[in-house]
Novice: 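Here it is, the structure in full.
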Amino acid sequence: MLDLGFVRNNLSLVREKMRDRGAAGILGDFDALDAERRKLLSEAEALKAQKNAVSGQIAVLKKQKQDTSALIAEMKEVGQQIQQLDEQAKAADEKLRDLLRRVPNIPHETVPVGRSSEDNKEIRRWGEPRKFNFEPKAHWDLGPALGILDFERAAKIAGARFAVYYGAGAKLERALAQFMLDLHTREHGYTEVFPPFMVNSDSMFGTGQLPKFAEDLFKLEGTDYWLIPTAEVPVTNLFRDEVLEAEKLPVKFCAWTACFRSEAGSYGKDTRGIIRQHQFQKVELVKFAFPENSYDELESLTNNAETVLQRLGLPYRVMALSTGDLGFSSAKTYDLEAWLPSSQEYKEISSCSNFESFQARRANLRFRRGKGGKTELLHTLNGSGLAIGRTWVALLENYQQADGSVLIPEALRPYLDGLERISPQE
RNA sequence: GGAGAGGUGGCCGAGUGGCUUAAGGCGGCGGUUUGCUAAACCGUUGUACGGGCGAAAACCUGUACCCAGGGUUCAAAUCCCUGCCUCUCCGCCA
């Protein structure tokens, strides 16, 4: 959420930034709403001040055994006026707030201006896509052929966009999670967190999923519980309504969780394989940072995620998302895209964002510099480090051999009891 | 699921309708004293949204905030209703 005062004082700038995002009309009649709200507030507060003063007089007069019936009658009337004004003010305030809650973040000045993912800018590449002397298969062929991946039974017990893993496939999923967690906690200074996979509506609001994107989420019927679409939600909300001491910053968490997404609106997209599932696992990196260096933190967070791909020997590129492709809460985002030989393309495997104070304002995440200093809003950042399902896919496809087996990169072998190759299983 | 006890400022903790603009303490900040530190003493203290005020800061001023949302009243931390959360015991359970 943007700051009300900032929007009021920089309205034309904000409108321009929203145009860049492809959300030109989002601010609607902000000025009129804002003016009305302030007018009603002032009127109501003036009457309340009068009422408070007279109520105090009544208390004094009663003590002196004087007649107060005229004053009480008068205040009764004022009370009714206040009630009316309060209702109108509340309605105006709700309208304005509702508007503000649906306005996305302002893109950072370094974000390439563009309409869509077509306009994303490549920042750098790492690794050479391997040359195959045979036709590389897609993971949805490799996995079932190896006996480690099963779509039919997943559809039976759950439905479309689910998968079941067996044997070395299941173990690979687990090994990847552990490998990533170890890397980030041992070498990158993150603290491991294991949060709930369900959260309440307040948390979903805090990170920006609600109120706008409820249809992308799974909700548990008859409750206020939502399945998390990413660990970003529970972890960023850990410090909701808290004030952190500056010495503790930056706070760096990494969390391995399942993630659940309804994928409404992505019908027909990535329908084969495990690229787009209702349930997948992810190791997420989350930072709470000082405002003045949050962009340095974004660079290092992105590097931390890249290290996973480098250790696994998976070629990738880093893309800066354009204004038109940026997520709702993000001011700047780098996507990491891993090379997939079967489709001869780079595919998103991580998304690293700086939200500046956008989430912090919604979730009331603050810090204090030194003792007795003013509280300030934190900057929040997060990025996948990495999406495990998609890493699983990239490994299978990039390390497949002519005979259908899959080599395991060195870095991962300790997590698979030394396994060097996945061969067809019973 | 049943029974009970609770939720008050950064923290502890008083407060059962009106001199409570929330007592007192701790902590923080500023000061006095002091060779330095500590102690003692004095002062001070939160958030949000308005107005003064057509840059910001500071300042002055108003309103709201005692878990949340409603209600009673001229007046609510205090009375009533609903919900949420925490704790204890019982039941069930991994």
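All figures in this text were calculated on a predicted structure; none of them were measured in a lab. Note on naming: letters A, B, ... go to the chains in the order of the sequence lines (proteins, then strands), and numbering restarts at 1 for each one. The basis for the numbers below is simple: all heavy atoms, side chains too, and nothing from hydrogens, waters or symmetry mates.
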Novice: Can you tell me the base-pairing partner of B:C59? Count Watson-Crick or G-U wobble geometry only, both distances below 3.5 Å, and say none if there is no partner.
Specialist: B:G52
Novice: Can you tell whether the side chains of A:K90 and A:D86 come within less than 4.0 Å, N to carboxylate O?
Specialist: no
Novice: Give the C-alpha distance, both sets of side-chain angles, the deciding distance and a yes or no for salt bridge (Lys or Arg N to Asp or Glu O under 4.0 Å) between A:R97 and A:D93.
Specialist: CA-CA 6 Å; A:R97 259 164 225 293; A:D93 190 62; 2.9 Å; yes
Novice: Just the rounded figure in Å: distance from P of B:A64 to CG of A:D93.
Specialist: 15 Å
Novice: Distance from A:S350 atom OG to A:Y334 atom OH, nearest 0.5 Å?
Specialist: 12.5 Å
Novice: Could you tell me how far B:U88 sits from B:C66 if I compare only their P atoms? Round to whole Å.
Specialist: 28 Å
Novice: From the options B:A64, B:G50, B:G62, select the nucleotide whose nearest atom is closest to the side chain of A:S42.
Specialist: B:G50
Novice: Looking only at atom C1', what distance separates B:C12 and B:A23, rounded to whole Å?
Specialist: 14 Å
Novice: Indicate the ring-plane relationship of A:F162 and A:H278, choosing parallel, tilted or perpendicular according to the 30° and 60° boundaries.
Specialist: tilted
Novice: Look at all strands and tell whether A:N52 reaches a base, only sugar-phosphate, or nothing, counting heavy atoms closer than 4.0 Å.
Specialist: sugar-phosphate
Novice: Assign A:L41 to base, sugar-phosphate, or nothing according to its heavy-atom contacts below 4.0 angstrom with the strands shown.
Specialist: sugar-phosphate
Novice: Taking a pair as Watson-Crick or G-U wobble with both distances under 3.5 Å, which nucleotide is matched to B:G10?
Specialist: B:C26
Novice: What's the CG-P distance between A:L377 and B:U47, to the nearest Å?
Specialist: 12 Å
Novice: Quick one: A:E74 CD to B:A75 P, roughly how many Å, whole number?
Specialist: 13 Å
Novice: May I have the distance from A:N364 (atom CG) to B:G46 (atom P), rounded to whole angstrom?
Specialist: 16 Å
Novice: If you measure from the C1' atom in B:U33 to the same atom in B:G43, how many Å do you get, rounded?
Specialist: 15 Å
Novice: With C1' as the reference atom in both, quote the distance from B:U20 to B:G13 in angstrom, rounded to an integer.
Specialist: 16 Å
Novice: In Watson-Crick or G-U wobble terms, both distances under 3.5 Å, what is the partner of B:C65?
Specialist: B:G46
Novice: Over how many whole Å does the gap from A:M1 atom CE to B:A48 atom C1' extend?
Specialist: 11 Å
Novice: Quantified in whole Å, what is the P atom distance between nucleotide B:U45 and nucleotide B:C60?
Specialist: 10 Å
Novice: Roughly how many Å apart are B:G1 and B:G69, using the C1' atom of each and rounding to a whole number?
Specialist: 26 Å
Novice: I need the CG-P distance between A:N9 and B:G50, as an integer number of Å.
Specialist: 10 Å
Novice: Suppose we define a pair by two distances each less than 3.5 Å, Watson-Crick or G-U wobble; what does B:U34 pair with here?
Specialist: none
Novice: Across all strands shown, which nucleotide pairs with B:A77 by Watson-Crick or G-U wobble geometry, both distances under 3.5 Å?
Specialist: none
Novice: Given B:A64, is OP1 or OP2 found less than 4.0 Å from the side-chain N or O atoms of A:K90?
Specialist: no
Novice: Name the pairing partner of B:U88, where a pair is Watson-Crick or G-U wobble with both distances under 3.5 Å, or state none.
Specialist: B:A3
Novice: Using a strict threshold of under 4.0 Å (side-chain N to carboxylate O), is an ion pair present between A:E263 and A:R276?
Specialist: yes
Novice: Taking the chi torsion of B:A40, is it syn (within 90° of 0) or anti (everything else)?
Specialist: anti
Novice: Please verify the inter-ring angle class for A:F197 with A:F260; under 30° counts as parallel, over 60° as perpendicular, anything in between as tilted.
Specialist: tilted
Novice: Below 4.0 angstrom from OP1 or OP2 of B:G18, is there any side-chain N or O of A:K62?
Specialist: no
Novice: Provide the distance between the two P atoms, one in B:C67 and one in B:A22, to the nearest whole Å.
Specialist: 15 Å
Novice: Report the relative orientation of the aromatic rings in A:H188 and A:H184; use parallel for angles under 30°, tilted for 30 to 60°, perpendicular for over 60°.
Specialist: tilted
Novice: Look at A:R38 and B:C49 and indicate whether a side-chain polar atom (N or O) is within less than 4.0 Å of OP1 or OP2.
Specialist: no
Novice: Name the closest nucleotide to the A:A49 side chain, picking from B:U63, B:C49, B:G18.
Specialist: B:U63
Novice: Which base, if any, makes a Watson-Crick or G-U wobble pair with B:C19, both distances under 3.5 Å?
Specialist: none
Novice: Rounding to the closest angstrom, what is the interatomic distance between B:G6 and B:G50 at atom P?
Specialist: 39 Å
Novice: Give none if B:C93 has no partner; otherwise give the nucleotide forming a Watson-Crick or G-U wobble pair with it, both distances under 3.5 Å.
Specialist: none
Novice: Base, sugar-phosphate alone, or nothing: which one does A:K39 contact when heavy atoms must sit under 4.0 Å apart?
Specialist: nothing
Novice: B:G51 P sits how many Å from A:Q50 CD, rounded?
Specialist: 20 Å
Novice: Once you round it to whole Å, what is the distance between P of B:G50 and CG of A:D86?
Specialist: 15 Å
Novice: Of A:E45 and A:R8, whose closest RNA chain B nucleotide lies nearer the 5' terminus?
Specialist: A:R8
Novice: Please compare A:M75 and A:D3 by the position of their nearest nucleotide in RNA chain B and report the one closer to 5'.
Specialist: A:D3
Novice: Between A:R186 and A:E192, is there a side-chain N and carboxylate O pair less than 4.0 Å apart?
Specialist: no
